Undergrad: 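Quick one: structure below, then a few questions.
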Amino acid sequence: QVQLVESGGGLVQAGGSLRLSCAASGSRLSIYAMGWYRQAPGKQRELVASISSGGRTNYADSVKGRFTISRDNAKNTVYLQMNSPEPEDTAVYYCWGGWGSWGQGTQVTVSS
């Protein structure tokens with residue numbers, strides 16, 4: 001079974017930067033879309049960003065211009081570069097694989 005392991009979460013000041021990584025086990029993962037979701041306390045899980053197998057990206061309006069998703073197919077890894085994070089970005093961030101797998105989540109806390 002393909003596993004997704006996130007890393008890079010933690011505490012960051014508003015206006016700083018943070019990079020999340022998600023490493024996937026398995027082969028031929030490059031044919032799948034991948035993405036990042038987040039869930040804040042008391043809220044539903046929401047899409048943050050996704051990237052297709054061909055590299056086409058999609059972002060939530062709230063993070064456009066601040067966050068960047070990318071992937072390294074050779075390393076089976078997807079990244080989320082978070083620039084100028086805001087306290088409203090505080091949430092557990094989950095990596096998603098297009099074959100239906102989820103990571104365990106990593107906490108991101110943005111202090112004001």
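Atom set for the values below is all heavy atoms of this structure, side chains included, hydrogens, waters and symmetry mates excluded. This is a predicted model, so every value here is computed, not measured.
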Undergrad: Do the side chains of Tyr79 and Phe67 join up, straight or via other hydrophobic residues, at under 4.5 Å, putting them in one cluster?
TA: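 Hydrophobic grouping puts Tyr79 apart from Phe67.
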
Undergrad: Can you tell me if CD on Glu86 sees more than 12 non-hydrogen neighbours from other groups inside 6.0 Å?
TA: yes

Undergrad: Can you tell me if Arg45 and Tyr37 form a side-chain donor-acceptor pair at under 3.5 Å?
TA: no

Undergrad: For the residue pair Ser30 and Ser53, what are the closest heavy atoms and their distance?
TA: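 It is O-CB, 3.1 Å.
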
Undergrad: Please say yes or no: joined through hydrophobic side-chain contacts below 4.5 Å, possibly via intermediate residues, are Leu4 and Tyr94 part of one cluster?
TA: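 Result: no, two separate clusters.
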
Undergrad: Between Arg71 and Ser52, is there a donor-acceptor pair closer than 3.5 Å when you use the side chain of the first and the backbone of the second?
TA: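 Flag set: sc Arg71 to bb Ser52 pair under 3.5 Å.
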
Undergrad: Hey, are the side chains of Leu47 and Asn58 touching, using non-hydrogen atoms and a 4.5 Å cut-off?
TA: yes

Undergrad: Which heavy-atom pair separates Tyr59 from Ile69 by the least distance, and what is that distance?
TA: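 Distance-wise, the nearest heavy atoms are OH-N, 2.9 Å.
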
Undergrad: Carefully, step by step, assess Leu29 and Asn73 under the rule side chain to side chain contact (heavy atoms under 4.5 Å, CB included).
TA: CA-CA 7 Å; Leu29 301 180; Asn73 290 331; over 6 Å; no

Undergrad: Please check if the side chain of Glu6 supplies one atom and the backbone of Cys95 the other of a donor-acceptor pair under 3.5 Å.
TA: yes

Undergrad: Quick check: Tyr93 with Trp36 (ring centres under 6.0 Å apart)?
TA: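 So the answer is no for these two rings.
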
Undergrad: Roughly how far, to the nearest 0.5 Å, is CD of Glu88 from OG of Ser112?
TA: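 Separation between the atoms: 9.0 Å.
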
Undergrad: Would you say Leu80 and Val108 are hydrophobically clustered, going by side-chain heavy atoms of ILVMFWY under 4.5 Å?
TA: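 They do share one cluster, since a chain of ILVMFWY contacts under 4.5 Å joins Leu80 to Val108.
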
Undergrad: Is it the case that over 12 heavy atoms from other parts of the model lie below 6.0 angstrom from the CD atom of Gln39?
TA: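 Correct, the count exceeds 12.
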
Undergrad: Where do Leu11 and Ser111 land on the side chain to side chain contact (heavy atoms under 4.5 Å, CB included) test, with the steps shown first?
TA: CA-CA 7 Å; Leu11 177 64; Ser111 64; 4.2 Å; yes

Undergrad: For a quick test of reading the model, state the closest non-hydrogen atom pair linking Arg66 to Ser84 and the distance between them.
TA: NH1-O, 3.0 Å

Undergrad: For residues Gln81 and Asn83, report the shortest heavy-atom separation together with the two atoms involved.
TA: NE2-OD1, 3.0 Å

Undergrad: Please find the pair of heavy atoms, one from Gly105 and one from Val92, that lie closest to each other, and give the distance.
TA: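 That closest heavy-atom pairing would be CA-CG1, 3.8 Å.
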
Undergrad: Which heavy atom of Val2 sits nearest to which heavy atom of Ser101, and what is that distance?
TA: O-OG, 3.6 Å

Undergrad: For residues Leu20 and Val5: do they belong to one hydrophobic cluster (side chain heavy atoms under 4.5 Å, members Ile, Leu, Val, Met, Phe, Trp, Tyr)?
TA: no

Undergrad: Would a single hydrophobic cluster contain both Val110 and Val48, if residues Ile, Leu, Val, Met, Phe, Trp and Tyr are joined by side-chain heavy-atom contacts under 4.5 Å?
TA: yes

Undergrad: Let me know which of Thr106, Val63, Thr90 forms a side-chain contact (heavy atoms from CB on, under 4.5 Å) with Arg38.
TA: Val63

Undergrad: Check whether any side-chain N or O of Ser62 sits under 3.5 Å from a backbone N or O of Ala60 as a donor-acceptor pair, and report yes or no.
TA: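 Here the side-chain-to-backbone pair does not exist.
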
